[in-house]
Amino acid sequence: QEYAAQLRAAAREIDAMRAELESAAASLPSNLAAPAGCSGVLSVAVEATNDAMAAWRSRLGTGLAPSWLNLPWLLVECYMYVRIQAAIQAQPMLAASKFDPFQTQKLAAFEKSRGSVTNLGTAVEELLKADVARSEEDVKNALYQVVQYSLWGNKTDLSLLVDTSKIDPAALAAPSSGKGTPFLIVDEFDAVWRALVDKPAPSANGGRRRVDVVLDNSGLELYSDMCLGDALLTLGLADEVVFHGKPFGWFVSDTTEADFWGMLRMCSEPSPEHPDGWAAVQSLAARWQAHVDAGRWRYTEHPFWVTPAPFAWMASLSPDLHGDLRANSRLVVFKGDLNYRKLTSDCRWPWTTPFSRALQGFGPAPLVTLRTLKADVVVGLKPGEGEALGKVDPDWQVNGKFGMVQAAAWGGSAGAQ
């Protein structure tokens with residue numbers, strides 16, 4: 001009864017925010033307050049969000065009253081999710097249980113995508129057969145295939161109400177032996193390959209070749225990202241993969257620690273609905289568990305990921321995170337639109353702006369972003385390319401049909417200059 005009462009109390013706080021949004025043009029988001037006894041992560045997120053709100057209020061000047069509608073959308077989105085978490089952590093029992101208000105939706109989405117999980121598991125198991133001798137070109141082609149699985153897995157996003165039952169990354173990917181799906185509008189995989197095979201392993205990491213994956217959505221996308229993490233190790237391209245998740249529920253479907261370990265558990269268990277193909281999924285899960293047990297896979301979180309700060313500010317706001325990536329990572333993989341928006345400061349750059357310029361100096365290690373376009377921020381295109389895409393599909397920037405594999409090395413872009 002007490003737990004239910006605390007759920008209702010949190011819901012009332014969230015309802016109050018919804019009421020404010022109904023008069024968004026005339027109301028202003030109030031400063032957040034970190035609840036007594038809340039987590040250190042939430043305290044950091046509250047402080048960073050309030051600082052950003054104050055900075056933007058001052059930029060509006062005296063001629064325009066600040067409101068929900070004239071603050072930057074990315075800032076307002078982050079504010080909403082931090083405020084939801086503050087309402088939850090104000091209730092002791094919810095805080096102690098690390099209550100995730102989006103967990104039911106995430107689990108339901110995974111259940112709907114089990115068919116795609118089965119298809120993808122079968123494809124990856126076939127691709128990574130242990131008894132196959134591979135040339136360097138074979139390894140490159142296999143990795144390219146799994147990178148595409150991870151890319152197209154990003155079509156799943158519960159914050160945009162995407163129906164995950166209709167998404168199959170294995171079917172969307174182009175054949176491994178030939179690039180060229182027309183929906184992949186930027187493909188800088190060769191720069192990713194060079195970062196993995198040419199760059200020496202950081203000496204600070206004991207010579208271990210580490211790849212970091214900054215996760216986006218849970219469910220099918222997380223599963224496809226685990227396939228990528230597995231392929232990097234199985235193909236001999238990395239010694240360690242570090243997965244970075246969110247410390248609390250974020251943008252509905254973003255991956256938390258419970259999602260990560262829950263995915264490993266669900267893939268290990270039988271699936272009566274898919275008795276024929278699920279064995280491949282279980283085989284993958286067994287290998288993934290072995291990666292965890294041997295220290296080859298690691299899951300981690302950081303408060304920086306739940307602030308509105310663009311990544312160009314990481315070195316000053318979170319020098320520990322930036323320093324770790326700079327010292328130890330061979331390649332950082334950023335998944336999804338939210339990470340892309342923060343990489344580019346969510347600015348309305350001209351489409352032909354070089355990716356390196358949009359990063360504004362951010363580059364602790366070579367990086368690649370894998371995203372299907374569900375937000376209008378796009379850089380690194382060739383002259384005329386955006387206009388041509390607009391004639392093919394007026395909604396190409398936001399409907400999730402088009403994808404990008406966009407890379408930068410040591411702060412320099414691998415793509416259009």
Side-chain angles (χ1 to χ4, degrees), residues 100 102-128 145-174 181 183-184 213-231 241 243-246 249-269 271 273-274 277-285 288 297 299 333-339 369-374 399-403 405:
D100 182 351
F102 312 115
Q103 191 65 29
T104 300
Q105 292 167 269
K106 290 190 276 190
L107 289 173
F110 179 77
E111 290 301 320
K112 289 181 180 179
S113 65
R114 278 185 183 262
S116 297
V117 167
T118 303
N119 293 341
L120 183 54
T122 302
V124 171
E125 269 291 85
E126 180 67 23
L127 199 62
L128 301 181
Q145 189 76 2
V146 183
V147 164
Q148 286 194 84
Y149 295 157
S150 178
L151 163 66
W152 295 113
N154 179 243
K155 286 175 74 72
T156 67
D157 191 334
L158 295 181
S159 68
L160 300 175
L161 302 179
V162 172
D163 185 352
T164 58
S165 66
K166 295 181 172 62
I167 296 171
D168 189 340
L172 289 165
T181 168
F183 297 102
L184 187 55
V213 182
V214 183
L215 299 166
D216 189 22
N217 297 299
S218 58
L220 181 59
E221 182 175 3
L222 171 60
Y223 177 77
S224 69
D225 296 340
M226 288 176 153
C227 290
L228 175 59
D230 183 22
V241 177
F243 296 94
H244 300 258
K246 304 300 192 301
W250 191 249
F251 281 68
V252 182
S253 52
D254 278 28
T255 299
T256 65
E257 183 175 18
D259 298 325
F260 185 86
W261 299 118
M263 176 62 67
L264 190 55
R265 176 184 52 76
M266 288 187 293
C267 291
S268 301
E269 296 170 349
S271 180
E273 299 85 358
H274 304 89
W278 199 257
V281 178
Q282 291 178 294
S283 177
L284 287 176
W288 299 350
W297 270 17
Y299 174 88
V333 181
F334 288 95
K335 291 298 309 291
D337 261 14
L338 179 58
N339 282 324
T369 177
L370 309 180
R371 52 130 12 176
T372 57
L373 278 65
K374 301 183 288 287
N399 60 16
K401 292 181 180 178
F402 296 88
V405 178

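Just so you know, residue 1 is the first one in the sequence shown, and it goes up from there.
Under the side chain to side chain donor-acceptor pair (under 3.5 Å) criterion, Asp230 pairs with Thr234, Arg287, Trp288, His291, sequence neighbours left out. With sequence neighbours excluded, the residues satisfying salt bridge (charged side-chain N to carboxylate O under 4.0 Å, His left out) with Glu111 are Arg114. The side chain to side chain donor-acceptor pair (under 3.5 Å) search around Ser283 returns Glu125, not counting sequence neighbours. For Lys246, the side chain to side chain donor-acceptor pair (under 3.5 Å) partners are Asp254, not counting sequence neighbours. For Trp297, there are no side chain to side chain donor-acceptor pair (under 3.5 Å) partners at least two apart in sequence or on another chain.
With hydrogens and angles disregarded, no donor-acceptor distance shorter than 3.5 Å links the side chain of Ser150 to the backbone of Val147. The backbone N or O of Thr372 lies less than 3.5 Å from a partner atom in the side chain of Asn154, making a donor-acceptor pair. In this structure, the side chain of Thr256 does not engage the main chain of Gly249 through any donor-acceptor pair within 3.5 Å. Under the 3.5 Å distance criterion, the side-chain polar atoms of Ser218 are matched with a main-chain donor or acceptor of Ser253.
A salt bridge (charged side-chain N to carboxylate O under 4.0 Å, His left out) with Glu221 is found for exactly one of Lys106, Lys335, Lys155, namely Lys335.
Val213 and Val241 get closest at one heavy-atom pair: CG2-CG1, 4.1 Å. Across Gly153 and Ser224, no two heavy atoms sit closer than the pair CA-OG, 3.9 Å. Minimum interatomic distance between Gly336 and Thr369 (heavy atoms only, all atoms of both residues): O-OG1, 4.5 Å. Contact record, Cys227 with Leu284: SG-CD1, 4.3 Å, taken as the closest heavy-atom pair. Shown here for Asp337 and Leu373, the closest heavy-atom pair between the two residues is OD2-C, 3.9 Å. Of all non-hydrogen atoms in Lys401 and Phe183, the two that sit nearest each other are O-CB, 3.4 Å.
Contact of the Leu370 side chain with the Asp225 side chain is not registered, since no non-hydrogen atoms from C-beta on lie closer than 4.5 Å. Using a 4.5 Å heavy-atom threshold, the side chains of Tyr149 and Leu228 count as separate. Put simply, the side chain of Leu222 does not reach to within 4.5 Å of the side chain of Asn217, judged on heavy atoms. Contact of the Val281 side chain with the Ser271 side chain is not registered, since no non-hydrogen atoms from C-beta on lie closer than 4.5 Å. Contact annotation: the side chain of Lys374 never approaches that of Asn399 to less than 4.5 Å [non-hydrogen atoms, C-beta and beyond]. For the pair Asn339 and Arg371, the minimum side-chain heavy-atom distance is 4.5 Å or more. The shortest side-chain heavy-atom distance between Val117 and Trp278 falls under the 4.5 Å cut-off. The closest side-chain heavy-atom distance from Val252 to Gln105 is below 4.5 Å.
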message: Show, in sequence, the C-alpha distance, side-chain angles and deciding distance for Val333 and Val214, and conclude whether the side-chain contact (heavy atoms from CB on, under 4.5 Å) test is met.
response: CA-CA 6 Å; Val333 181; Val214 183; over 6 Å; no
- request: For side-chain contact (heavy atoms from CB on, under 4.5 Å), just list the numbers for Trp250 and Leu338, CA-CA rounded to whole Å, side-chain angles, deciding distance to a tenth of an Å, and then say yes or no.
  value: CA-CA 11 Å; Trp250 191 249; Leu338 179 58; 3.4 Å; yes
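Here the CE atom belonging to Met266 is positioned 4.5 Å from the CZ atom belonging to Phe110, to the nearest 0.5 angstrom. Separation of atoms CZ (Phe260) and CG (Leu215) is listed at 7.0 Å; rounding is to 0.5 Å. To the nearest 0.5 angstrom, Tyr299 atom OH is 13.5 Å from Leu264 atom CG. Interatomic distance, Leu120 CG to Trp152 CH2, rounded to the nearest 0.5 Å: 14.5 Å.
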